[in-house]
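First up is the structure itself, then whatever we jot down about it.
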Amino acid sequence: AMPAEGDVTRAADVSRIVEQGIAQCGGIDVLVNNAGGGTMARWLDDVDEAAWMRSLDVNLKSAFLVTKAVAPHMRERRRGRIVMVASVAGRNMSRLSGPEYSAAKGGMLAFMRHLAVEFGPFNVTVNAVAPGPTMVERVAKKWELRGAAEREKILRNVPLGRPAQPEEVAAAILFLASDDASYITGACIDVYG
């Protein structure tokens with residue numbers, strides 16, 4: 001393990017981290033674009049331009065910058081796996097965040113589909129997972145702020161009737177990063193119970 005600290009919305013930080021990783025590890029085989037986060041649920045009228053841009057930066061720009069930094073190394077080595085952590089909000093809407101989050105995650109899915117075609121000739125697969133509510137610490141705090149009736153309403157749309165655990169999302173990511181997924185690219189796995 002190699003710790004690296006930086007802001008993935010800043011190109012200079014991303015370049016430094018990627019170069020450090022390549023130098024210390026000899027290359028990058030797998031990239032998981034997992035930076036992101038949403039806000040509280042809200043409607044468009046409650047979103048100002050600064051909040052809109054912050055969501056796009058954290059969720060979409062970060063994936064662009066890190067992928068752009070890693071891609072030349074994967075293309076040169078003619079192998080690699082890129083997995084985008086999107087959201088079911090990118091396919092539909094977010095019941096836990098606002099429209100800026102849904103737009104950013106939808107952008108990630110479009111970005112993934114484009115890259116799958118562009119990077120395929122270099123044996124680099126690009127896929128995504130689209131989790132629903134996942135009980136990471138940040139989401140658990142938002143979840144607790146909702147009343148029982150509101151939580152029940154959200155879970156009515158989840159066939160298994162419960163939020164995901166982080167390990168359940170990680171398992172889908174690990175599959176897409178593995179050799180078992182060597183002929184899968186441009187796909188999104190919904191991890192939505």
Give a yes or no on whether [X] and [Y] share a hydrophobic cluster (residues Ile, Leu, Val, Met, Phe, Trp, Tyr; joining criterion: side-chain heavy atoms under 4.5 Å apart).
X      : Y      : answer
Leu60  : Tyr101 : no
Leu31  : Phe122 : yes
Ile22  : Val70  : yes
Trp52  : Val58  : no
Val158 : Ile154 : yes

Side chain of Lys61, backbone of Thr9: donor and acceptor closer than 3.5 Å?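 Answer holds: yes.
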Heavy-atom closest contact ([X] atom, [Y] atom, distance):
X      : Y      : answer
Gly37  : Ser55  : O-OG, 4.5 Å
Ala104 : Asn59  : CB-CB, 3.6 Å
Ala11  : Leu65  : N-CD1, 3.8 Å
Arg113 : Gly186 : CG-O, 4.2 Å
Ser87  : Lys105 : CB-CG, 3.7 Å
Val14  : Val66  : CG1-CA, 3.7 Å

Is the shortest side-chain heavy-atom distance between [X] and [Y] below 4.5 Å?
X      : Y      : result
Arg81  : Asp179 : yes
Val18  : His73  : yes
Val88  : Pro131 : no
Asn33  : Ser62  : no
Met84  : Thr67  : yes
Thr185 : Phe119 : no
Ile82  : Asn127 : no
Tyr183 : Thr125 : no

Other residues, nucleotides and ligands only: do more than 12 of their heavy atoms fall within 6.0 Å of [atom1] on [X]?
X      : atom1 : answer
Glu118 : CD    : yes
Glu5   : CD    : no
Arg151 : CZ    : yes

Apply the test side chain to side chain contact (heavy atoms under 4.5 Å, CB included) to residues Leu109 and Met112: give CA-CA distance (whole Å), side-chain angles for both, the deciding distance (0.1 Å), then the verdict. CA-CA 5 Å; Leu109 293 173; Met112 174 271 298; 4.3 Å; yes
Yes or no on side chain to side chain contact (heavy atoms under 4.5 Å, CB included) for Asn157 and Tyr192, after CA distance, side-chain angles and deciding distance? CA-CA 9 Å; Asn157 295 312; Tyr192 192 44; 3.9 Å; yes
Using distance only, find each side-chain donor-acceptor pair of residues 132-140 under 3.5 Å and give its atom names and separation, not counting sequence neighbours.
residue	atom	partner	partner atom	Å
Thr134	OG1	Gly132	O	2.9
Glu137	OE2	Lys141	NZ	3.4

Rounded to the nearest 0.5 Å, how far does [atom2] of [Y] lie from [atom1] of [X]?
X      : Y      : atom1 : atom2 : result
Arg146 : Lys153 : CZ    : NZ    : 10.5 Å
Arg10  : Ser15  : CZ    : OG    : 11.0 Å
Glu150 : Trp143 : CD    : CH2   : 8.5 Å

Under 4.0 Å between a Lys/Arg side-chain N and an Asp/Glu carboxylate O for Glu168 and Arg162?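 Salt bridge between Glu168 and Arg162, a charged N being under 4.0 Å from a carboxylate O: yes.
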Closer than 4.0 angstrom, basic N to acidic O: yes or no for Arg91 and Asp190?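 So Arg91 pairs with Asp190 through a salt bridge.
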Go through the steps to decide whether Met74 and Ile28 satisfy the test side chain to side chain contact (heavy atoms under 4.5 Å, CB included), and finish with yes or no. CA-CA 7 Å; Met74 287 184 172; Ile28 296 175; 4.1 Å; yes
Does the pair Asp29 and Arg77 meet the rule for a side chain to side chain contact (heavy atoms under 4.5 Å, CB included), with working shown? CA-CA 9 Å; Asp29 299 306; Arg77 295 173 78 200; 3.2 Å; yes
Fellow cluster residues of Phe175, listed by chain then number, with links counted only when side-chain atoms sit under 4.5 Å apart: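 Cluster partners of Phe175: Val30, Val32, Val83, Val85, Val129, Val169, Ile173, Leu176, Ile184, Ile189, Val191.
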